[in-house]
Protein chains: 2
Amino acid sequence: MRYGINETLKKNQLSVTDSRKKILELFMRSNGALAHADIEHQSGTEFDRVTIYRTLQTFVEKGIIHTIPTADNSVRYALCKDECSEGHHHDNHVHFMCDDCGTTYCLDHVIAPQLSLPDGFNATRTDVVVSGKCKNCE
Amino acid sequence: MRYGINETLKKNQLSVTDSRKKILELFMRSNGALAHADIEHQSGTEFDRVTIYRTLQTFVEKGIIHTIPTADNSVRYALCKDECSEGHHHDNHVHFMCDDCGTTYCLDHVIAPQLSLPDGFNATRTDVVVSGKCKNCE
DNA sequence: TATGCTAATGCAACATTGTTGCAAAATAAT
DNA sequence: ATTATTTTGCAACAATGTTGCATTAGCATA
Ligand SMILES: [Mn+2]
Ligand SMILES: [Mn+2]
Ligand SMILES: [Zn+2]
Ligand SMILES: [Zn+2]
């Protein structure tokens, strides 16, 4: 089960502010990942652009959200699992980006495979991003 | 075996210009991927920034180079295999980005795995980007 | 090799995205 | 309630990428 908004902020030693509450709420409501621009639009003129950047940065550092690499090199964010914490992400699941609607999903149950790399290469992290058509755009 | 510079340009119906020759040469010489900024630096003040952008775009369209998604969402490019052509890339190999030196490698012999996705999701492309320490930075 | 057509380039201007410093405001601690 | 600490908004800046248009270079053909 997922924590509530204020709970999550306090658990991570963050002061509870309007922008943090609102942005975290947007993530919790959304079924896909969010880009900076999505948040800017969905929160109206409520917050400054810079505040959104800083909030996202803080959330990533605390392990509340994670970034998603995409084939078009746009930056997207999605909620982490509860086990993630400051400096320790455990988001080794696969991501899917729909070519039609652009929605980016965390496929929580599809885990990135172990790969055997050439000699001398040592992996600390493996990101898998799949593109194609999502369940709504078939 | 790989084609020469003029050969590659002509094969793709591109006129042979100074900027295209120089930029293609940089890719052929480099062992890793190149970012726009790398090319800008390595070619001095020889070409306009815009020309570099347009050349990279053209090369991608023709299947001469491909883009590489990276964990830090910076845009990088590397040479395609000879089998790639206009609109048809066949670069399903894994990419590796070194956390130390930043070099990005095409691991031509490590192929992205087939994954079984949830119902309704259809993959057309799978990008795998591995981070860690490369053979020079161990 | 010279000529004309077409495509590529350079430049200027603009758009988007992200960063930094600092004073004002909001939050948390006492 | 008062104070100390964090966060915010604003302005200014930096980096990255895009577009329109006049000039230039490459290419085909005579
Ligand atoms: Mn995810
Ligand atoms: Mn590659
Ligand atoms: Zn879709
Ligand atoms: Zn390295």
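If you're wondering where the values come from, they're calculated on a predicted model, not measured in any experiment. Side chains included, hydrogens not; waters and symmetry mates left out as well; all remaining heavy atoms used.
Between A:Gln13 atom CD and D:dT6 atom P the separation is 12 Å, expressed in whole Å. Straight-line distance from the CG atom of A:Asn73 to the C1' atom of C:dT16: 15 Å, rounded to whole Å. Remark: C1' of D:dC10 and OH of A:Tyr53 are 16 Å apart, rounded to the nearest angstrom. Whole-Å rounding puts the B:Asp72 CG to D:dT16 P distance at 12 Å. In this entry the distance linking CZ of A:Arg54 with C1' of C:dT17 reads 15 Å, nearest Å. Atom CG of B:Asp18 and atom C1' of C:dA7 are 15 Å apart (whole Å). In this structure, A:Leu9 places its CG atom 15 Å from C1' of C:dA26, rounding to the nearest Å. Going from atom NE2 of B:His41 over to atom C1' of D:dT16 covers 12 Å, rounded to whole Å.
Looking at B:Arg49, its side chain comes within 3.5 Å of the base of D:dG17 through a donor and an acceptor atom.
Residue contacts shown for B:Thr58 are absent, as no nucleic acid heavy atom lies under 4.0 Å away. Using a 4.0 Å heavy-atom cutoff across all strands shown, B:Glu46 reaches sugar-phosphate atoms only and no base atom.
Comparing C:dT9, C:dT19, D:dT8 by their closest approach to the side chain of B:Thr17 singles out C:dT9. Listed candidates were D:dG9, C:dG10, D:dT7. Nearest to the side chain of A:Phe47 is D:dG9. Which of D:dT8, C:dT9, C:dA12 sits closest to the side chain of B:Thr51 comes down to C:dT9.
Under the 30°/60° scheme for interplanar angles, the aromatic rings of B:Phe96 and A:Phe121 are found to stand perpendicular.
Panel note: side chain A:Asn12, backbone A:Leu14; no donor-acceptor pair is recorded below 3.5 Å. Between the side chain of B:Thr55 and the backbone N or O of B:Thr51 there is at least one donor-acceptor pair closer than 3.5 Å. Distance alone, capped at 3.5 Å, places no donor-acceptor pair between the B:Thr104 side chain and the B:Met97 backbone.
For D:dT7, one of the phosphate oxygens OP1 or OP2 lies less than 4.0 angstrom from a side-chain nitrogen or oxygen of A:Ser15.
Comparing B:Val16 and B:Val50 by the nucleotide of DNA chain D whose heavy atom lies nearest to each, the residue mapping closer to the 5' end is B:Val50.
By the 4.5 Å heavy-atom criterion applied to side chains, B:Asn92 and B:Ile111 are counted as neighbours.
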